[in-house]
Structures are given as structure tokens and as C-alpha cells.
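The structure appears right after this line, and notes come after that.
Letters go in sequence order (proteins before strands), and every chain restarts at 1.
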There are 2 protein chains.
Amino acid sequence: MRIGELARRVGVSTRALRYYEQRGLIRSRRSANGYREYDESDVRIVTEIRELMSVGFTLEDARPFVDCLRSGHPSGGSCPESVAVYRRKLAEIDREIRDLLARRAEVAAQFADACPGCLSRA
Amino acid sequence: MRIGELARRVGVSTRALRYYEQRGLIRSRRSANGYREYDESDVRIVTEIRELMSVGFTLEDARPFVDCLRSGHPSGGSCPESVAVYRRKLAEIDREIRDLLARRAEVAAQFADACPGCLSRA
DNA sequence: CTAAAGCTTGACGCCGGTGACAAGGTCAAG
DNA sequence: CTTGACCTTGTCACCGGCGTCAAGCTTTAG
């Protein structure tokens, strides 16, 4: 299939697909006229990328998952490198949550300080 | 005082101060040679800006606080507009925390799905 | 035959808050 | 006079993930 159909099937723009290719996450065969050609394995890969991105992974984070799928694994997350990314992302998220909680407390404190009584009426 | 001294006193770069001015958050008088001139009220304003930024406020978020100080209030956070920003930021932070918690759960679920047994050994 | 839809590469824009550089003016000390 | 510290404006670069044009191909439908 060509880029437009792939885009439609996985729900991304053609621009995004070309960008993924430029970043080395997907590859394309070219037909005689220069058009990109894709198959079902590409659908699988892009789907995996979008699933990961939907939970906050970056494209770089997704790379090991793509490699894992390409190497024949049925799941992109079963390779050691992917597992490492999962653990790292969980740790990152945990840290961000802690930071946000701390910031929330600081803001509330500044607020209470600057405007006594305001917080209780919020 | 000139920009270098102000920068040193509040612990920001001169570049940042010019940027704040460009964004309309601080103002400067100019001496005959074109150098920016500041006084204690500017020290106060920039200090307020940095305090707010240190807890994640953007420059735009800081604007009502600056206006509040300029209008003569001893605290930048006591004006209604500033209070509104405080409330909005608290709500934003709360939403971000909820999103992160939800994302964390999704990541953990994907992880558990892709690699059964991995999470428990984490 | 033509128009429309789809494809190609290339390049700029965005957002926030600067850092870093260029190319100059100013001013006090030695 | 010169050096060096300080000041000026202006501009490019960054990061991520694209959106959006531009200008030109191919293919398909009518």
C-alpha cells in the first residue's frame, strides 16, 4: 500500500509517516514511480509507535520497540531494550509526579502567603 | 542601576532581563548614552517573576503579578487577577498530576501485557 | 483531454526561555 | 592611547513532532 492508505489505516498524517522514516523508525520500499510502498508489518510498527506515543513516549523511546518487532518478536515490548525503556519511563513518570506534587505544595504555600484566606475559599 | 547590576542582584542573565522587557514585563528608563536604568522597584518585580517561574509559572502567568506590584500593592499575589492565576495554575497542576497517574497506569498495563512477570521483578 | 487526487522533496513555522554570537558604542583605569 | 568591562540591537540555535506551503511529478476518473 502507499503512504496515504497507511496513514488512513493507522490514523496518522502522511507528514508524520515521512517524519518517522526520516528519523529511521520506519522504512519504505519504492515503486517504479518513486512512491513509497508499505505492507502489513509497517502497519504493525506504526501502530506500536502510536500506542507508545499515546502514553507519552517519544519517538526515540519507541525505537527499541520497533527494532524488537523487526527482529521477529510478536510483541515490541518483550526485548530487553524495550523492557529497559519501560522501566525508565515508569521511573521518569514517578519523578514527574513527585515534582508536580512538590510544586503544587509550593504554589499553594505562595498563594496562602500572598493572599491569606483565599485558598480556603477556593 | 544598570542591567548588569540588576542581573547580579536577582541572579538572572542580562539576556533574560532584556527578554522580559521585550515581553513587556519590565520597563526601563534610558540614560543619556542609551543604557537601561533600573531602581529598587524593578528588583522587586524581577524577584517576583523569578519566584513564580521557579514553581513553574510562565512569563505570561507572571504578568498580572507584575501589574499588581506596579499598581502599588505590597504583594504581587493579592490582586484578583493574580488570585485567578493561582487558582488556574493549581487546577492545571492537579490535572497534570491526574494525567500522569493515568499514564503511569497505562504504561504499567502495557508493560505487564508485553512482558508478563517483568513488572513484579522490577 | 482535463481536472482532481495523490505522490515527491525541501523548507519555514511553532512554542518558551534563554544561550551564544556579531558588530558596534561607552566609559573608567592605567 | 589603549585595554577591558560594560552596554546596545539583532540574529541564529535549541527541543519535538509535526502542520503547512511550494513546485512539480503520476495516476485515475470522467
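Listed by first then second residue, pairs satisfying salt bridge (Lys or Arg N to Asp or Glu O under 4.0 Å) with a partner in residues 7-17 of chain A read A/Arg9-A/Glu40, not counting sequence neighbours.
More than 12 heavy-atom neighbours from other residues, nucleotides or ligands sit within 6.0 angstrom of CZ on B/Arg88. More than 12 heavy atoms of other residues, nucleotides or ligands lie within 6.0 Å of CZ in A/Arg70, so this atom counts as buried by the packing criterion.
Positionally, the nearest nucleotide of DNA chain C for A/Arg15 lies more toward the 5' end than for the other of A/Arg15 and B/Glu60.
B/Leu17 and B/Met53 end up in the same hydrophobic cluster when Ile, Leu, Val, Met, Phe, Trp and Tyr side chains are linked at under 4.5 Å. In the hydrophobic clustering of this structure, A/Val10 does not group with A/Leu52; members are Ile, Leu, Val, Met, Phe, Trp, Tyr whose side-chain heavy atoms approach within less than 4.5 Å, directly or through other members. Grouping the Ile, Leu, Val, Met, Phe, Trp and Tyr side chains by contacts below 4.5 angstrom, directly or via other members, places A/Val12 apart from A/Tyr35. In terms of hydrophobic clustering, with Ile, Leu, Val, Met, Phe, Trp and Tyr side chains grouped at heavy-atom distances under 4.5 Å, B/Ile45 and B/Ile3 are assigned to a common cluster.
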* Heavy-atom protein contacts under 4.0 Å, nucleotides 22-30 of chain D, coded B base, S sugar-phosphate only, - none -> ----BS---
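Under a 3.5 Å cut-off, the side chain of B/Arg95 and the backbone N or O of B/Leu90 do not form any donor-acceptor pair. Not one N or O on the side chain of A/Ser31 forms a donor-acceptor pair closer than 3.5 Å with the backbone of A/Gly34. Between the side chain of A/Arg87 and the main chain of A/Ser82, no donor-acceptor pair closer than 3.5 Å is present. The backbone N or O of A/Thr58 lies less than 3.5 Å from a partner atom in the side chain of A/Asp61, making a donor-acceptor pair.
Relative orientation of the B/Tyr86 and B/Phe65 rings is perpendicular, given thresholds of 30° and 60° on the angle between their planes.
If one axis is set at each end of the helix from C/dC1-D/dG30 to C/dG30-D/dC1 from five pairs, those axes are 30° apart, to 10°.
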* To do: Run the numbers on B/Glu96 and B/Leu100 for side chain to side chain contact (heavy atoms under 4.5 Å, CB included), then give the verdict.
  => CA-CA 6 Å; B/Glu96 285 176 42; B/Leu100 273 178; 5.6 Å; no
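Protein chain A touches strand DNA chain C; the 5'-most and 3'-most nucleotides with an atom under 4.0 angstrom of its non-hydrogen atoms are C/dG6 to C/dA11.
For the segment residues 36-57 of chain A, residues with any heavy atom less than 4.0 angstrom from an atom of DNA chain D are, sorted by number, A/Arg50, A/Met53. Contacts between residues 17-32 of chain A and DNA chain D, defined by a heavy-atom separation under 4.0 Å, are made by A/Tyr19, A/Tyr20.
Of the side-chain N and O atoms in A/Ser13, one or more sit less than 4.0 angstrom from OP1 or OP2 of D/dG19.
Considering B/Arg36, B/Arg29, B/Arg27 as possible partners of B/Asp42, the one that fulfils the salt bridge (Lys or Arg N to Asp or Glu O under 4.0 Å) test is B/Arg29.
In this structure, A/Ile3 places its CD1 atom 13 Å from C1' of D/dC18, rounding to the nearest Å.
With no hydrogens or angles considered, no side-chain donor-acceptor pair links A/Ser28 and A/Glu37 at under 3.5 Å.
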